[in-house]
Amino acid sequence: MALSLPAPAWALSARIEGIDGEAADNIENYLAPLDGEQYSPARLEAEVRHRAAEALRPFGYYEPEFALTLVGEPVSRVELAVTPGPRVRIGRLALRVRGEAADDPRFDELMASHGLAEGDPLFHAPYDRLRNRLAGLALERGYFEAYFRDRRLEVRPWEQSAHITLTFDSGPRYRFGAIDFRGSHIRLDRLENMLNFASGEPYLAGDLSEYTQRLSQSGWFESITVRPRLPGEEGGATPEGPDEVPVSVELTPADRHQFEVSLGYATDVGPRTRFAWKQPWVNSRGHGLDHDLFLSAPEQRFSGEYRMPLADPLRDSYRLQYGLRHRDQDDTRSLESSVELARQWRFDNAWVQSLYLRSSFEDFTQGGEAEQVWLLYPGISWSRTRTRNPRFPTWGDRQRIAFEYSDTAWGSSARFFRTTLDSQWIRMWGENTRLIGRTGLGLIETDDFDKIPPSLRFFTGGDRSVRGYGYESLAPRNDEGRLRGGRQLFTASAEVQRRITGDWWGAAFVDTGDAFDHWWPETLNTGAGLGIRWVSPVGPIRLDIAHPFDDEEDPWRLHFAIGPEF
């Protein structure tokens, strides 16, 4: 209807009077490609009148009059006074859907919302849009024999009326036929358990897209093609019946060994390096194995995870995790080894439930007091992470709550009950303001706190908790002034970010929190400050300067970090 291509350098400019809005814009679009050098004045005037009349027809003006003036030598601009004349209205409207789609609720919704009514001014756009949406909906829902029995737009300018006749015959709705898998290295029953449709069900293109996404989430395949073999294609007919469409699933295995190396920096830990070796599949059952090595000055960590998908690979699995961790930070010295066996369930609402049994041995010195402890404790957790645009989320949230219990009755060195809660939210306010909120809670109930290792005690402070204070420097101290760690934890943060220009954002924040022994502390440690964010190609880079209100020795602290919030 309207030309949306950019105008060339020689475009004819126009000043339109007598009509405005979309109709005037459409006239300008129709006239823009004209080149005054290519026409004589008389021929150019005729072409302008012709194109302007064509531009007005989609808005129901079929008898316009024009007064125009050509400006320039050669002509570079036209001044056009428009008298649109009477507007054509819809005099008769006959819209029908036949075939099996006549009983399809989606087609009922479409026919109830097309925006055409007898007596209304004629606009071509709703009519064209209805035709396109009928054809598109038919393909989406498996009416592959659909066609228009009648499709007419009769305009009678002398009556200022239009008759619209549209009869759409959908024919039969096809159903899913046989599903053929090719190229898979994973057992067929695993792939079939991930199906969200079955042979014999009504065809829906969205089901194929969802199944493609499910296969992609498994991580087992490098390339995935899920497509119907439509009528007329080779192999499109099936012995089950003429109204069934076979589905072809063509797969290419992912690389069995995948390696990643990443570098980063944060004021909490200084330079950091991560090496990852991932095996998305190790056998035909789809088991996977990952190893991860993390190196920084205060902490070195090696961990592994063996995944065993169950009948529904994306929802149910067993996970065996193991690792070694060495930490040397301020008053904490620790060497920990651990093994954990977990059963995970993923629900439709994106929550993940994990029931686990963890065993750990930790040789540590905390605040000058040395211990060696072996712990065996079950736990249960629920977590969920949702995000849009993961590199720099414009919307997202993350929650995790966990409960753990250990008892000397089964040989653990300490009896305790421990629970943690973490929550973070990101929301946009308009297009240029970003809001971030964060809170954390923790609790340990025990009579054997001296045997609770540093990995389970609570500390806070630093880039990701209470800015303005050193990394994990906020916690109860012993009589010698050394960090001992806390039984309880509370942190909260509020941050407002405002776009400066492009990928640069400014930030203002307030953080508060503490780790402590007796709920609730008389005062919380609070810091506030300003920062800047740059959304770089490798992820957000954050620079903050924070003032700690409860630390007179260090009135300002700089925080620098690279990496996403989630």
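Just so you know, these numbers come straight off a predicted model, no measurement behind them.
Shortest non-hydrogen contact noted between L139 and Y203 is O-CE2, 3.7 Å. Closest approach of W220 and P280 over heavy atoms only: CD1-O, 3.3 Å. Residues Q160 and P86 approach most closely at CG-CB, 3.6 Å, considering heavy atoms. Taking all atoms of both residues into account, the shortest heavy-atom contact from F144 to V245 is CE1-CG1, 4.2 Å. Nearest heavy atoms, S381 versus A402: CB-CB, 3.8 Å. Closest approach of P74 to E37, counting heavy atoms only: CG-CG, 3.4 Å.
Taken to the nearest 0.5 Å, the CH2 atom of W425 stands 12.5 Å off from the CZ atom of R398. Residue H257 holds its NE2 atom at 8.0 Å from CH2 of W281, rounded to the nearest 0.5 Å. For the atom pair N196 CG and Q213 CD, the distance stands at 10.0 Å (nearest 0.5 Å). A distance of 10.0 Å separates CZ in R131 from CG in L134, rounded to the nearest 0.5 Å. Residue L215 holds its CG atom at 5.0 Å from CD1 of I224, rounded to the nearest 0.5 Å.
Within the 4.5 Å cutoff, side-chain heavy atoms of L122 are placed close to those of I164. Contact of the F509 side chain with the I436 side chain is not registered, since no non-hydrogen atoms from C-beta on lie closer than 4.5 Å. The shortest distance between side-chain heavy atoms of V97 and L110 does not fall below 4.5 Å. Within the 4.5 Å cutoff, side-chain heavy atoms of L191 are placed close to those of L251. Proximity of Q321 to S303: side-chain heavy atoms (C-beta onward) are nowhere separated by under 4.5 Å. Looking at heavy atoms from C-beta onward, W345 lies out of side-chain contact with L310 at the 4.5 angstrom threshold. Residues F59 and R87 are in side-chain contact: their nearest non-hydrogen atoms beyond the backbone lie under 4.5 Å apart. Side-chain contact between V75 and Y39 is absent, with no heavy-atom pair separated by less than 4.5 Å.
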Side-chain donor-acceptor contacts of residues 151-159 below 3.5 Å, not counting sequence neighbours, with atom names and distances?
| unit_1 | atom_1 | unit_2 | atom_2 | d |
| --- | --- | --- | --- | --- |
| R152 | NE | D150 | OD1 | 3.0 |
| R152 | NE | D150 | OD2 | 3.4 |
| R152 | NH1 | E154 | OE2 | 2.6 |
| R152 | NH2 | D150 | OD2 | 3.0 |
| E159 | OE1 | S161 | OG | 3.2 |

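Between the H163 side chain and the A94 main chain, no donor and acceptor come within less than 3.5 Å of each other. A donor-acceptor pair under 3.5 Å links the side-chain atoms of E118 to the main chain of L93, judged by distance alone. Remark: side-chain polar atoms of S13 are paired, donor with acceptor, to backbone N or O of S76 under 3.5 angstrom. A donor-acceptor pair under 3.5 Å links the side-chain atoms of N26 to the main chain of A55, judged by distance alone. At distances below 3.5 Å, at least one donor-acceptor pair connects side-chain atoms of N132 with backbone N or O atoms of D128. Judged purely by atom type and a 3.5 angstrom limit, R438 has no side-chain atom pairing as donor or acceptor with the backbone of Q424. Looking only at distances, no side-chain donor or acceptor of D422 sits under 3.5 Å from a matching main-chain atom of R400. A donor-acceptor contact shorter than 3.5 Å links the side chain of D169 to the backbone of G171.
Applying the salt bridge (Lys or Arg N to Asp or Glu O under 4.0 Å) rule to pairs touching residues 208-217 yields E210-R214, sequence neighbours excluded. Listed by first and then second residue, the side chain to side chain donor-acceptor pair (under 3.5 Å) pairs involving residues 90-108 are D104-R141, D104-Y143 (not counting sequence neighbours). Listed by first then second residue, pairs satisfying side chain to side chain donor-acceptor pair (under 3.5 Å) with a partner in residues 386-397 read R386-D397, D397-Q399, D397-R427, not counting sequence neighbours.
A salt bridge between D292 and R274 is present, with a side-chain N of the basic residue lying under 4.0 Å from a carboxylate O of the acidic one. Salt-bridge check for E495 with R434: failed, with every basic side-chain N at 4.0 Å or more from each acidic carboxylate O. Taking 4.0 Å as the cut-off between side-chain N and carboxylate O, E54 and R51 do not count as a salt-bridged pair.
Take Y356 and apply the side-chain hydrogen bond (donor to acceptor under 3.5 Å, both in side chains) test, not counting sequence neighbours, and it matches E404. Residues forming a side-chain contact (heavy atoms from CB on, under 4.5 Å) with V247 (at least two apart in sequence, or on another chain): F176, I179, F197, L208, V226, V249. Evaluation of the side-chain contact (heavy atoms from CB on, under 4.5 Å) rule for D503 yields W534, V535 as partners, not counting sequence neighbours. Every residue two or more places apart in sequence or in another chain was checked for a side-chain hydrogen bond (donor to acceptor under 3.5 Å, both in side chains) with S354, and none qualifies. Legend: residues meeting side-chain hydrogen bond (donor to acceptor under 3.5 Å, both in side chains) with R499, ordered by chain and number and at least two apart, are N432. In this structure, the side-chain hydrogen bond (donor to acceptor under 3.5 Å, both in side chains) partners of W382, at least two apart in sequence or on a different chain, are Q353. When the side-chain contact (heavy atoms from CB on, under 4.5 Å) test is applied to T252, the partners found at least two apart in sequence or on another chain are E222, S223. With sequence neighbours left out, R285 forms a side-chain contact (heavy atoms from CB on, under 4.5 Å) with R187, R190, N283, H287.
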Pair M111, L130 - check side-chain contact (heavy atoms from CB on, under 4.5 Å), show working.
CA-CA 8 Å; M111 296 305 291; L130 177 60; 4.2 Å; yes
Verdict with reasoning, Y127 to L166, per side-chain contact (heavy atoms from CB on, under 4.5 Å)
CA-CA 9 Å; Y127 169 72; L166 195 64; 4.3 Å; yes
Could you walk me through whether L56 and Y30 pass the side-chain contact (heavy atoms from CB on, under 4.5 Å) check?
CA-CA 10 Å; L56 288 175; Y30 267 71; over 6 Å; no
Pair R307-S317, side-chain contact (heavy atoms from CB on, under 4.5 Å): steps then yes or no
CA-CA 7 Å; R307 298 181 304 279; S317 65; 5.7 Å; no
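A 6.0 Å sphere centred on CD of E201 holds more than 12 heavy atoms belonging to other residues, nucleotides or ligands. In R346, the CZ atom is not crowded: 12 or fewer heavy atoms of neighbouring residues, nucleotides or ligands sit closer than 6.0 Å. Other residues, nucleotides and ligands place more than 12 heavy atoms under 6.0 Å from the CH2 atom of W351.
E145 and Y174 form a side-chain donor-acceptor contact under 3.5 Å, judged by distance and modelled atom types alone.
Geometrically, R343 engages Y318 in a cation-pi contact, judged by NZ or CZ lying under 6.0 Å from the ring centre and within 45° of the ring axis.
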